[in-house]
Amino acid sequence: MDSEKIAVGISSCLSGEAVRFNGQHKKSHFCWDVLSEYFRFTAVCPEMQAGLGVPRKPVRLVNDSQRIRVLQVDDHQIDVTEPLRTASEALAADLSGVYGFIFMQKSPSCGLHTVKTYNPKGAVMENRAMGVFAQAMQQRYPLMPMEESGRLNDDVLRENFLLRVWAYRNLIDMVENNLSLNS
């Protein structure tokens with residue numbers, strides 16, 4: 001088992017897939033040139049799963065004081081909150097075989113820590129939110145190690161993430177094999 005690569009999810013744009021709103025990608029050479037030695041990546045894009053297409057108008061998180069919605073930047077009448085939430089929950093359910101996830105930072109679907117929120121008039125609010133898919137993943141897998149790609153440039157955060165992925169995989173293996181201290 002130790003010689004096997006560990007299954008880890010990753011935002012599709014980080015894998016080099018041209019799925020971003022502008023038809024581009026944000027391939028993470030660190031993930032593919034370094035981490036792929038240890039991890040077997042499963043790439044997913046909740047925005048594509050939601051049928052938003054490529055290219056597409058950009059969306060952002062808008063906080064109207066009652067809830068956060070995902071709205072098209074130049075036309076707030078176009079609300080993709082529910083399709084994105086439904087797709088995100090379905091994707092999360094399909095990822096039960098991964099032991100960690102690397103998200104695209106700042107994304108309204110995949111950002112884990114750094115997603116800007118806006119008020120209905122378009123002004124940036126001081127609080128940051130979590131992307132819709134990242135939130136679905138955290139709700140479904142609260143113990144799973146998750147990180148944003150940009151934060152993996154920090155040596156301490158990167159080492160912490162790697163250790164948590166290995167520990168999480170070992171924990172899941174023990175639970176699935178009914179291992180105990182007495183085994």
Side-chain angles (χ1 to χ4, degrees), residues 7-36 39-63 67-95 98 100-120 122-125 127-141 144-154 157-158 161 165:
V8 171
I10 190 167
S11 295
S12 291
C13 60
L14 294 171
S15 72
E17 293 180 41
V19 295
R20 290 176 50 83
F21 72 95
N22 59 3
Q24 301 294 310
H25 63 79
K26 287 280 191 171
K27 185 172 185 177
S28 169
H29 292 285
F30 175 74
C31 289
W32 291 96
D33 296 343
V34 178
L35 294 182
S36 64
F39 298 153
R40 181 181 71 255
F41 290 115
T42 298
V44 298
C45 178
E47 293 178 18
M48 292 298 292
Q49 180 79 13
L52 300 185
V54 173
R56 60 184 169 270
K57 298 283 187 171
V59 296
R60 63 181 171 196
L61 300 181
V62 177
N63 188 341
R67 64 186 177 128
I68 294 179
R69 297 179 299 143
V70 185
L71 306 178
Q72 196 174 88
V73 171
D74 60 355
D75 183 356
H76 283 191
Q77 299 303 310
I78 300 178
D79 185 336
V80 298
T81 307
E82 288 313 311
L84 189 55
R85 183 168 287 127
T86 300
S88 294
E89 290 170 0
L91 278 175
D94 288 342
L95 290 171
V98 301
F101 203 96
I102 301 172
F103 292 101
M104 179 64 210
Q105 69 269 10
K106 301 179 184 176
S107 163
S109 58
C110 292
L112 189 59
H113 304 290
T114 59
V115 185
K116 290 180 183 177
T117 58
Y118 297 81
N119 69 22
V124 176
M125 300 179 76
N127 61 328
R128 302 285 180 184
M130 186 181 300
V132 175
F133 176 58
Q135 189 173 41
M137 286 293 290
Q138 278 210 328
Q139 286 174 349
R140 186 163 193 98
Y141 308 105
M144 181 186 289
M146 299 178 196
E147 193 54 84
E148 289 181 329
S149 63
R151 289 172 40 102
L152 292 175
N153 293 319
D154 180 291
L157 294 175
R158 179 177 56 246
F161 176 72
V165 169

Q: Decide yes or no for Lys106 and Met104: does some side-chain heavy atom of the first lie under 4.5 Å from some side-chain heavy atom of the second?
A: no
Q) Got a second to check how far Leu91's CG is from Thr42's OG1, nearest 0.5 Å? A) 11.5 Å
Q) Say you draw a straight line from CG of Leu14 to OG of Ser149; how long is it, rounded to the nearest 0.5 Å? A) 4.5 Å
Q: Give, for atom CZ of Phe133 and atom CG of Leu95, the distance between the pair rounded to the nearest 0.5 Å.
A: 5.5 Å
Q. Between Cys45 and Val19, which heavy-atom pair has the shortest distance, and what is it?
A. SG-CG2, 4.0 Å
Q. Which residue pairs pass the side-chain hydrogen bond (donor to acceptor under 3.5 Å, both in side chains) test with at least one member in residues 17-27, sequence neighbours excluded?
A. Ser15-Glu17
(Q) Return the CD to CD1 distance between Glu147 and Ile102, rounded to the nearest 0.5 Å. (A) 8.5 Å
Q: May I ask you to test the Cys31-Ile10 pair for a side-chain heavy-atom distance under 4.5 Å?
A: yes
Q: May I ask you to test the Asp94-Val44 pair for a side-chain heavy-atom distance under 4.5 Å?
A: no
(Q) Please evaluate residues Leu35 and Val8 with respect to the criterion side-chain contact (heavy atoms from CB on, under 4.5 Å), reporting the C-alpha separation (whole Å), side-chain torsions for both, the decisive distance (0.1 Å), and the verdict. (A) CA-CA 10 Å; Leu35 294 182; Val8 171; over 6 Å; no
Q: Could you tell me how the ring of Phe41 sits relative to the ring of Phe39: parallel (under 30°), tilted (30 to 60°) or perpendicular (over 60°)?
A: perpendicular
Q) Hey, are the side chains of Leu84 and Glu82 touching, using non-hydrogen atoms and a 4.5 Å cut-off? A) no
Q | Nearest heavy atoms of Met137 and Phe101, plus distance in Å | A | CE-CD1, 3.9 Å
Q: Report the C-alpha separation of Leu71 and Tyr118 in whole Å, then their side-chain angles, then the decisive distance to 0.1 Å, and conclude whether the side-chain contact (heavy atoms from CB on, under 4.5 Å) test is met.
A: CA-CA 10 Å; Leu71 306 178; Tyr118 297 81; over 6 Å; no
Q) Are any of the side-chain heavy atoms of Val70 and Leu61 separated by less than 4.5 Å? A) yes
Q: Among Arg85, Glu47, Gln135, find the one that has a side chain to side chain donor-acceptor pair (under 3.5 Å) with Ser109.
A: Glu47
Q) Tell me, do Pro46 and Val132 make a side-chain contact under 4.5 Å, heavy atoms counted? A) no
Q) Of all heavy-atom pairs between Ala18 and Gly23, which one has the smallest distance, and what is that distance? A) CB-O, 3.2 Å
**Q.** Residues which pass salt bridge (charged side-chain N to carboxylate O under 4.0 Å, His left out) with Arg60, listed by chain and number, not counting sequence neighbours
**A.** none
Q: Look at the side chain of Thr117 and the backbone N and O of Asn127, then say whether any donor-acceptor pair between them is shorter than 3.5 Å.
A: yes
Q.
Donor-acceptor pair, distance only, cut-off 3.5 Å: does the side chain of Asp154 make one with the backbone of Arg151?
A. no
Q: Measure across Ala134 and Leu112 and return the closest heavy-atom pair with its distance rounded to 0.1 Å.
A: CB-CD1, 4.0 Å
Q. Of all heavy-atom pairs between Pro58 and Phe21, which one has the smallest distance, and what is that distance?
A. CB-CD1, 3.9 Å
(Q) Using 0.5 Å steps for rounding, measure from the CG atom of Asp75 to the NZ atom of Lys57. (A) 9.0 Å
Q. Looking at Tyr141 and Met146, what are the two nearest heavy atoms and their distance?
A. O-CE, 3.5 Å
Q | Point-to-point distance, once rounded to the nearest 0.5 Å, from CD1 of Ile68 to CE of Met130 | A | 10.5 Å
Q.
Less than 4.5 Å apart, side chain to side chain, heavy atoms only: is that true for His76 and Val62?
A. yes
Q | Whether Gln105 side chain and Gly150 backbone form a donor-acceptor pair below 3.5 Å | A | yes
Q) Can you tell me if Glu148 uses its side chain to pair, donor with acceptor, with the backbone of His113 under 3.5 Å? A) yes
